[in-house]
Amino acid sequence: QVQLVESGGGLVQAGGSLRLSCSASGSTGSIWKQGWYRQAPGNKREFVATITRGDSTIYADSVKGRFLISRDSAKNTVFLQMNSLKPEDTAVFYCHCRTYDSREYWGQGTQVTVSS
């Protein structure tokens, strides 16, 4: 079992920045990749970014060049630095991980609101 806890959401003006954190606990050695999804009201949950244990990263086209995912392996924590935020980035951001045996875990979500 893996537990994920997000922090760092909040309210920011358009053009501003926020940094989200996701701390993993439990069977962290089983994690293959960890990252972020988001869900805006009335929309499906969508992929944002992910980073593997080998530090390979993938980003959604909508956030490329604005968001940066990184990790601190010693602290089992993944970060999402979000710059140049837009009102359309407003959503609940969920931390997600997939283990080597294909199990998936989700955090409880953190709200990000970008005002225009």
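Just so you know, residue 1 is the first one in the sequence shown, and it goes up from there. The figures here come from the full heavy-atom set of this structure, side chains too, leaving out hydrogens, waters and symmetry mates. Everything quoted here is computed from the prediction, not taken from an experiment.
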To the nearest 0.5 Å, atom CG of Asn76 lies from atom OG1 of Thr28 at 4.0 Å

When the side chains of residues 40-49 are checked against the rest of the protein, which donor-acceptor pairs come out under 3.5 Å, sequence neighbours left out?
| unit_1 | atom_1 | unit_2 | atom_2 | d |
| --- | --- | --- | --- | --- |
| Glu46 | OE2 | Arg38 | NE | 2.7 |
| Glu46 | OE2 | Arg38 | NH2 | 3.2 |

Distance-only donor-acceptor pairs under 3.5 Å for side chains of residues 11-24, two or more places apart:
| unit_1 | atom_1 | unit_2 | atom_2 | d |
| --- | --- | --- | --- | --- |
| Ser17 | OG | Asn83 | OD1 | 2.9 |
| Ser23 | OG | Thr77 | OG1 | 3.3 |

Residues that, via side-chain heavy atoms closer than 4.5 angstrom, fall in one hydrophobic cluster with Ile31: Val2, Leu4, Tyr105

Which atom pairs, one a donor and one an acceptor, fall under 3.5 Å between side chains of residues 108-115 and the rest of the protein, sequence neighbours left out?
| unit_1 | atom_1 | unit_2 | atom_2 | d |
| --- | --- | --- | --- | --- |
| Gln108 | NE2 | Glu6 | OE1 | 3.3 |
| Thr110 | OG1 | Gly9 | N | 3.3 |
| Gln111 | NE2 | Ala91 | O | 3.4 |
| Gln111 | NE2 | Thr113 | OG1 | 3.3 |

For side-chain contact (heavy atoms from CB on, under 4.5 Å), just list the numbers for Cys95 and Trp36, CA-CA rounded to whole Å, side-chain angles, deciding distance to a tenth of an Å, and then say yes or no. CA-CA 5 Å; Cys95 185; Trp36 299 89; 4.1 Å; yes

Restricting to pairs with a member in residues 103-116, which pass salt bridge (Lys or Arg N to Asp or Glu O under 4.0 Å), not counting sequence neighbours? Arg98-Glu104, Asp101-Arg103

Run through the side-chain heavy atoms of Ile, Leu, Val, Met, Phe, Trp and Tyr, join any pair under 4.5 Å, and report what else lands in Tyr100's cluster. Trp32

Please collect all disulfide (SG to SG under 2.5 Å) contacts where either partner lies in residues 43-85, sequence neighbours excluded, each pair once. none

Under the side-chain hydrogen bond (donor to acceptor under 3.5 Å, both in side chains) test, which residues partner Ser25, sequence neighbours left out? Gln3

Salt bridge (Lys or Arg N to Asp or Glu O under 4.0 Å) pairs touching residues 105-116, sequence neighbours excluded, are none

I need the full list of ring pair (Phe, Tyr, Trp, His ring centres under 6.0 Å) pairs touching residues 51-94, with sequence neighbours left out, sorted by first then second residue. none

Distance check, rounded to the nearest 0.5 Å: Ile58 atom CD1 versus Ile69 atom CD1? 10.0 Å

Pairwise distance CZ(Arg53) to CD(Gln34) - rounded to 0.5 angstrom: 9.0 Å

Please collect all disulfide (SG to SG under 2.5 Å) contacts where either partner lies in residues 43-72, sequence neighbours excluded, each pair once. none

Show every salt bridge (Lys or Arg N to Asp or Glu O under 4.0 Å) that has at least one partner inside residues 64-85, sequence neighbours left out. Asp55-Arg71, Asp61-Lys64, Arg66-Asp89

